[in-house]
Each structure stands twice: as C-alpha cells, then as structure tokens.
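To start, the structure itself, in structure tokens.
Predicted model only: the values in this text are computed from it and were never measured. Residues take their numbers from the sequence shown, with the count starting at 1.
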Amino acid sequence: MAGSLNKVTLIGNLGKDPEIRVIPGSEMKVASFTIATSESRRNKNTGEREDRPEWHKIVIFNERLADLVEKYVRKGSKLYIDGQLQTRSWIDKSGNERYVTEVVISKYKGDLILLDQRRDVAPLSSSASSDTEVPLPESKDDFDDVPF
C-alpha cells in the first residue's frame, strides 16, 4: 500500500526492570519492557491537575540495543523510543484468541536513546554506526562548541 506510515515516538519511564531473553535456535538477544507516558488533565470535580499514565509495551529485536538495555536501563529510566506498531495474536490456555500491540524496534528500524543524567556513555541508537560506547564530554561546557 503506497503512502502509508507506521511510526511511533515515545518519551517515558520504565515501570519495572527490563526482561532480556534469547530466542532459541538463533541465539538472538531480545529486550522487552513497558514504559509509561503521562498526560496531565484537570479533574472536573476537584479542579486539580492529575497525571493519567498510559503504558506501552516495547520489544527490541536489535542485539546491540538489547545489550545497551541490559547494561544501563532499570526501573525508572527515562527513554526516547522510536519504533513501529505491531500486533500479534495467540491462543491462550482456555482456547481464547488474545491480541497484544507492541512498539517494536527492529535491527534496522527504530531508535532508543537513554535520557537519564548518565555521564559515562553517549546515547546509542540502531542508526549509530559504531558498536562501541562513546564517552561523553566531562562537563556541560564541552557542548558549547557544538554548532546547533
């Protein structure tokens, strides 16, 4: 179908530590976790502002990013996620058909950027060309020379 687009961009925090598993037979590492985004709304009854969280299931089929998640991402981590929506189905133990929609980062499509205040590694994404972690500048002043 020409002219379609499947792209999701989220910034949110992990609700619990990520799950890392290896796909049997391929030995490919996969990371999965949920992140919460929130929208602030005014309560009609009290007039107070309230945050309403929305939970998103993320699955990463990019081994380099799965390694990054395994090493550095924990409950509460703030992440930028860029991926695609995928819905899959299965039959549960009771014989009912179940569905889940996930944000998927594949080997060549999508990005993940750590937004926490870590100072020892630069953000990596699936579009980064290097397999090594790059040290960040020692101080914020080192960013002053960046031309944007």
Side-chain angles (χ1 to χ4, degrees), residues 1-41 49-140 142-148:
M1 173 158 125
S4 65
L5 176 67
N6 181 353
K7 183 179 177 110
V8 176
T9 302
L10 301 167
I11 295 176
N13 297 85
L14 265 74
K16 63 180 183 178
D17 287 347
E19 177 184 322
I20 307 296
R21 63 187 187 283
V22 176
I23 296 176
S26 73
E27 302 307 314
M28 181 176 140
K29 191 180 287 188
V30 175
S32 60
F33 51 88
T34 56
I35 66 169
T37 58
S38 63
E39 184 175 322
S40 184
R41 294 185 177 185
R49 304 283 298 156
E50 296 177 343
D51 285 337
R52 192 180 114 215
E54 185 72 36
W55 290 94
H56 312 275
K57 183 160 178 57
I58 313 296
V59 182
I60 300 175
F61 292 103
N62 177 313
E63 192 150 3
R64 228 171 31 116
L65 292 180
D67 284 337
L68 177 74
V69 167
E70 183 176 32
K71 289 178 186 176
Y72 300 109
V73 175
R74 298 289 172 262
K75 177 181 178 179
S77 294
K78 186 176 216 62
L79 300 177
Y80 167 93
I81 301 287
D82 182 52
Q84 295 182 303
L85 286 179
Q86 287 186 8
T87 302
R88 59 185 171 89
S89 64
W90 71 96
I91 306 297
D92 69 11
K93 293 177 184 176
S94 303
N96 299 315
E97 190 168 18
R98 300 287 189 168
Y99 296 90
V100 65
T101 300
E102 302 163 321
V103 177
V104 174
I105 299 175
S106 64
K107 187 169 184 172
Y108 301 109
K109 290 183 181 179
D111 288 314
L112 173 137
I113 299 174
L114 304 175
L115 298 177
D116 290 329
Q117 297 297 318
R118 294 194 51 91
R119 303 297 282 157
D120 55 346
V121 294
L124 293 179
S125 70
S126 59
S127 58
S129 61
S130 171
D131 283 341
T132 59
E133 295 165 354
V134 181
L136 286 173
E138 292 298 317
S139 71
K140 290 182 183 177
D142 293 340
F143 286 108
D144 289 343
D145 295 333
V146 179
F148 51 85

Checklist entry - Is Asp116 close to Tyr72 at the side-chain level, that is, under 4.5 Å between some pair of heavy atoms? => result no
Checklist entry - If every non-hydrogen atom of Asp17 is compared with every non-hydrogen atom of Lys75, which pair is closest and at what distance? => result OD1-N, 2.8 Å
Item to check | Shortest non-hydrogen separation from Asn13 to Gly76 and the atoms involved | outcome: ND2-O, 3.0 Å
Next on the checklist: Do Leu114 and Val73 have side chains that approach each other closer than 4.5 Å (heavy atoms only, starting at C-beta)?
Outcome noted: yes
Checklist entry - Looking only at heavy atoms, which two atoms of Gly83 and Val103 are closest? And how far apart? => result CA-CG1, 4.0 Å
Checklist entry - Atom CD1 in Ile81, atom CG in Leu115: separation rounded to 0.5 Å? => result 9.0 Å
Checklist entry - Shortest non-hydrogen contact from Trp90 to Tyr99? => result CZ3-C, 3.9 Å
Item to check | Residues in side-chain hydrogen bond (donor to acceptor under 3.5 Å, both in side chains) contact with Glu27, at least two apart in sequence or another chain | outcome: none
Next on the checklist: Between the side chains of Glu54 and Arg52, is the shortest nitrogen-to-carboxylate-oxygen separation below 4.0 Å, so that they form an ion pair?
Outcome noted: yes
Checklist entry - Are any of the side-chain heavy atoms of Lys57 and Ser32 separated by less than 4.5 Å? => result yes
Checklist entry - Which value, rounded to the nearest 0.5 Å, describes the distance between Glu70 atom CD and Glu63 atom CD? => result 10.0 Å
Next on the checklist: Quick one, Lys78 and Ile11 - any side-chain contact, counting heavy atoms below 4.5 Å?
Outcome noted: yes
Checklist outcome for this item: NZ (Lys7) and CG (Asp82) are apart, to the nearest 0.5 Å, by 4.0 Å
Next on the checklist: Rounded to the nearest 0.5 Å, what separates atom CD1 in Ile60 from atom CD1 in Ile105?
Outcome noted: 4.5 Å
Next on the checklist: Between Glu102 and Arg88, is there a side-chain heavy-atom distance shorter than 4.5 Å?
Outcome noted: yes
Checklist entry - Can you name the closest pair of heavy atoms from Val69 and Ala31 and give their distance? => result CG1-CB, 4.0 Å
Checklist entry - Got a second to check how far Met28's CE is from Asn62's CG, nearest 0.5 Å? => result 7.5 Å
Next on the checklist: Once rounded to the nearest 0.5 Å, what's the spacing between atom CG of Leu65 and atom CD1 of Ile58?
Outcome noted: 12.5 Å
